Colleague: 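Can you read through this structure? Questions will come right after.
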Amino acid sequence: MSNLYNVRLLNKFSRIRDVHASLYFKKRGHLLKWKPNESILDVGCGTGDLSYKYIYPMLPKDFSRFVCTDISKTMLQQAEQQFSGIPKVQFDILDIASEVEGQMKCTFDHIFSLYCIVWVSEQRKAFQNIYDMLKPGGECFLIFLDRHFVMDTVFQLSERPKWKKFFPDINKTHPFPYRFDSNPVKTITDMMKLIGYVNIKVHLERTNFVFHSAEEYIGFIKAIPNPLSLMTSEEQKNYLKESVELAYDLKIIQESVGDYETGRFLVVYGEK
């Protein structure tokens with residue numbers, strides 16, 4: 001299983017991420033409180049496209065530094081290009097599920113993460129690390145997927161005999177820890193309380209997002225971690241064909257948005 005994203009396709013087929021990031025910052029961004037000379041961290045910035053479009057524009061002009069982090073050096077190189085020439089923006093390798101270095105603790109006034117957290121199996125460790133990196137009174141604002149039919153196509157295909165061998169440990173490569181949770185809001189709230197967060201706000205946001213074409217759907221599937229590199233060209237063609245068929249069955253490829261729920265996102269806010 002390749003754990004690498006396809007950088008070019010991730011930037012090109014970003015509408016599912018753009019639509020929801022824009023919406024949830026408008027809807028929940030009022031929770032954020034800004035002070036002079038603040039230090040800001042982005043966890044799992046990826047190519048930096050979302051950091052540049054949605055986080056950076058909201059920062060006060062007098063912020064002290066904006067640190068973009070990711071586990072992938074390749075992603076950070078793309079992020080550096082995204083922010084080329086812009087002052088006070090830094091880049092650093094960070095695995096949010098591992099031990100954070102001492103100099104990172106009690107350092108940031110705001111910590112953001114857009115879509116990264118759902119790819120982390122060790123949820124408690126990730127939330128603990130975010131808490132530890134916040135200054136007292138600091139805030140975190142996280143957006144990530146609870147579940148969506150687009151990922152259900154991956155999970156369904158991974159159970160088919162012909163494709164199962166390419167997904168030896170689907171729960172490791174595609175954790176999505178809350179997709180079977182009947183009450184993820186309570187699960188996350190309780191976990192954050194135990195860690196020490198206060199003023200916790202966890203919102204479950206329902207979406208009717210659909211892909212406008214099979215090309216857009218395939219582009220997104222190819223952009224995220226997938227086993228295509230392990231397949232022959234014929235296997236790749238058949239896998240994508242079955243994936244598209246499933247997407248049509250689930251009605252997530254449509255010319256216009258339907259009136260039915262296709263997924264749910266979690267928007268999480270908390271203070272230290």
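Because the structure is a prediction, the values reported are computed rather than measured.
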Colleague: Treat each ILVMFWY residue as a node, draw an edge where side-chain heavy atoms are under 4.5 Å apart, and state whether Phe167 and Leu230 are in one component.
Modeller: yes
Colleague: Under 3.5 Å, side chain of Ser14 to main-chain N/O of Arg17, donor-acceptor pair present?
Modeller: no
Colleague: Any donor-acceptor pair under 3.5 Å linking the side chain of Glu205 with the backbone of Phe265?
Modeller: no
Colleague: Distance from Ser229 atom OG to Lys222 atom NZ, nearest 0.5 Å?
Modeller: 12.5 Å
Colleague: With the 4.5 Å side-chain cut-off for hydrophobic clustering, are Ile86 and Val67 part of the same group?
Modeller: yes
Colleague: Using 0.5 Å steps for rounding, measure from the OG atom of Ser213 to the CD1 atom of Ile253.
Modeller: 7.5 Å
Colleague: A side-chain contact here means heavy atoms from C-beta on lying under 4.5 Å apart; do Trp119 and Pro175 qualify?
Modeller: yes
Colleague: Could you give the distance from OG1 (Thr69) to CD1 (Ile96), rounded to the nearest 0.5 Å?
Modeller: 7.0 Å
Colleague: Compute whether any side-chain donor of one residue and acceptor of the other, for Asp18 and Tyr54, lie under 3.5 angstrom apart.
Modeller: yes
Colleague: Would you say the side-chain atoms of His203 pair up with the backbone N or O of Tyr269, donor to acceptor, closer than 3.5 Å?
Modeller: no
Colleague: Evaluate the side chain to side chain contact (heavy atoms under 4.5 Å, CB included) criterion for residues Ile224 and Met151: first the C-alpha distance (whole Å), next the side-chain angles of each, then the deciding distance (0.1 Å), finally the verdict.
Modeller: CA-CA 10 Å; Ile224 63 175; Met151 295 311 304; 3.8 Å; yes
Colleague: Taking the six-membered ring of Phe149, is the NZ or CZ of Lys251 close enough (under 6.0 Å from the centre) and on axis enough (within 45°)?
Modeller: no
Colleague: Quick check against the 3.5 Å criterion: does Lys125 have a side-chain atom that pairs as donor or acceptor with the backbone of Ala97?
Modeller: no
Colleague: For the residue pair Glu235 and Lys165, what are the closest heavy atoms and their distance?
Modeller: OE2-NZ, 4.1 Å
Colleague: Where is the tightest heavy-atom contact between Leu204 and Pro184, given as atom of each residue plus distance?
Modeller: CD1-CG, 4.2 Å
Colleague: Taking side chain as C-beta onward, heavy atoms only, is Val150 less than 4.5 Å from Ile221?
Modeller: yes
Colleague: Below 4.5 Å, heavy atoms only, C-beta onward: do Phe141 and Val267 meet side chain to side chain?
Modeller: yes
Colleague: Measuring only between side-chain heavy atoms, which start at C-beta, is Val198 closer than 4.5 Å to Glu271?
Modeller: yes
Colleague: Please check if Tyr52 and Leu32 belong to a single hydrophobic cluster, counting links between Ile, Leu, Val, Met, Phe, Trp and Tyr side chain heavy atoms closer than 4.5 Å.
Modeller: yes
Colleague: Should the ring pair Trp163 and Phe166 be called parallel, tilted or perpendicular, given that the plane angle runs from 0 to 90° and is split at 30 and 60?
Modeller: tilted
Colleague: Between Glu159 and Lys164 (salt bridge meaning N to carboxylate O under 4.0 Å), is one present in this structure?
Modeller: yes
Colleague: Within this structure, what is the CG-CZ distance for the pair Leu10 and Arg8, rounded to the nearest 0.5 Å?
Modeller: 11.5 Å
Colleague: Is any side-chain heavy atom of Phe112 closer than 4.5 Å to a side-chain heavy atom of His110?
Modeller: yes
Colleague: Between Phe13 and Phe211, is any pair of side-chain heavy atoms under 4.5 Å apart?
Modeller: no
Colleague: Report the residue from Thr189, Asp190, Asn183 that forms a side chain to side chain donor-acceptor pair (under 3.5 Å) with Lys186.
Modeller: Asp190
Colleague: Are Lys12 and Asn6 close enough, and set up right, to give a side chain to side chain contact (heavy atoms under 4.5 Å, CB included), and what steps lead you there?
Modeller: CA-CA 10 Å; Lys12 182 177 180 180; Asn6 183 307; over 6 Å; no
Colleague: Does Arg147 count as lying over the ring of Phe155, i.e. NZ or CZ under 6.0 Å from the six-ring centre, within 45 degrees of the axis?
Modeller: no
Colleague: Do Thr47 and Tyr5 meet the criterion of a side-chain donor-acceptor pair at a distance under 3.5 Å?
Modeller: no
Colleague: Could you go through the side chain to side chain contact (heavy atoms under 4.5 Å, CB included) check for Leu94 and Val100 one step at a time?
Modeller: CA-CA 8 Å; Leu94 175 67; Val100 296; 4.0 Å; yes
Colleague: I'd like to know if Val19 and Ile16 are part of one continuous hydrophobic network [Ile/Leu/Val/Met/Phe/Trp/Tyr, side-chain heavy atoms within less than 4.5 Å].
Modeller: yes
Colleague: Might you work through the side chain to side chain contact (heavy atoms under 4.5 Å, CB included) test for Trp34 and Met58, ending with a clear yes or no?
Modeller: CA-CA 10 Å; Trp34 298 98; Met58 76 170 68; 3.8 Å; yes
Colleague: Work out which heavy atom in Cys140 is nearest to a heavy atom in Met192; give both atom names and the distance.
Modeller: SG-CE, 4.3 Å
Colleague: May I ask you to check whether over 12 heavy atoms, not counting those of Glu261, lie within 6.0 Å of atom CD?
Modeller: yes
Colleague: Which atom names give the shortest non-hydrogen contact between Ser256 and Val210, and what distance separates them?
Modeller: O-CG2, 3.7 Å
Colleague: Might you confirm whether atom CD of Gln103 has over 12 heavy atoms from other residues, nucleotides or ligands at distances under 6.0 Å?
Modeller: yes
Colleague: Atom CD of residue position Glu245 - does it have more than 12 heavy atoms of other residues, nucleotides or ligands inside 6.0 Å?
Modeller: yes
Colleague: State whether the side chain of Asp70 and the backbone N or O of Gly46 hold a donor-acceptor pair below 3.5 Å, judged by distance alone.
Modeller: yes
Colleague: Measure the shortest side-chain to side-chain distance between Met191 and Phe127 over non-hydrogen atoms and say whether it is less than 4.5 angstrom.
Modeller: yes
Colleague: Once you round to the nearest 0.5 Å, how far does NZ of Lys105 lie from OG1 of Thr107?
Modeller: 10.5 Å
Colleague: Assess the side chains of Asp132 and Gln128: does a donor N or O sit below 3.5 Å from an acceptor N or O?
Modeller: yes
Colleague: Looking at Glu38 and Gly138, would you say the former's side chain and the latter's main chain have a donor-acceptor pair under 3.5 Å?
Modeller: no
Colleague: In this structure, are over 12 heavy atoms from other groups packed under 6.0 Å from Lys53 atom NZ?
Modeller: yes
Colleague: Could you label the plane-to-plane angle of the Phe83 and Phe66 rings as parallel, tilted or perpendicular, counting under 30° as parallel and over 60° as perpendicular?
Modeller: perpendicular
Colleague: Assess whether atom NZ of Lys241 is packed by more than 12 heavy atoms of other residues, nucleotides or ligands within 6.0 Å.
Modeller: no
Colleague: Which atoms form the tightest heavy-atom contact between Asp109 and Asn37, and what is the distance?
Modeller: OD2-O, 4.4 Å
Colleague: Is there a donor-acceptor pair closer than 3.5 Å between any side-chain N or O of Glu139 and the backbone N or O of Lys33?
Modeller: yes
Colleague: Show the nearest heavy-atom pair for residues Gln236 and Leu228, with the distance to one decimal.
Modeller: NE2-O, 3.0 Å
Colleague: Does any non-hydrogen side-chain atom of Thr262 lie less than 4.5 Å from one of Thr207?
Modeller: yes
Colleague: According to a hydrophobic-cluster definition based on side-chain heavy atoms being under 4.5 Å apart (Ile, Leu, Val, Met, Phe, Trp, Tyr only), do Phe176 and Ile71 belong together?
Modeller: no
Colleague: Output the distance between atom CD1 (Ile93) and atom OG (Ser72), rounded to the nearest 0.5 Å.
Modeller: 6.5 Å
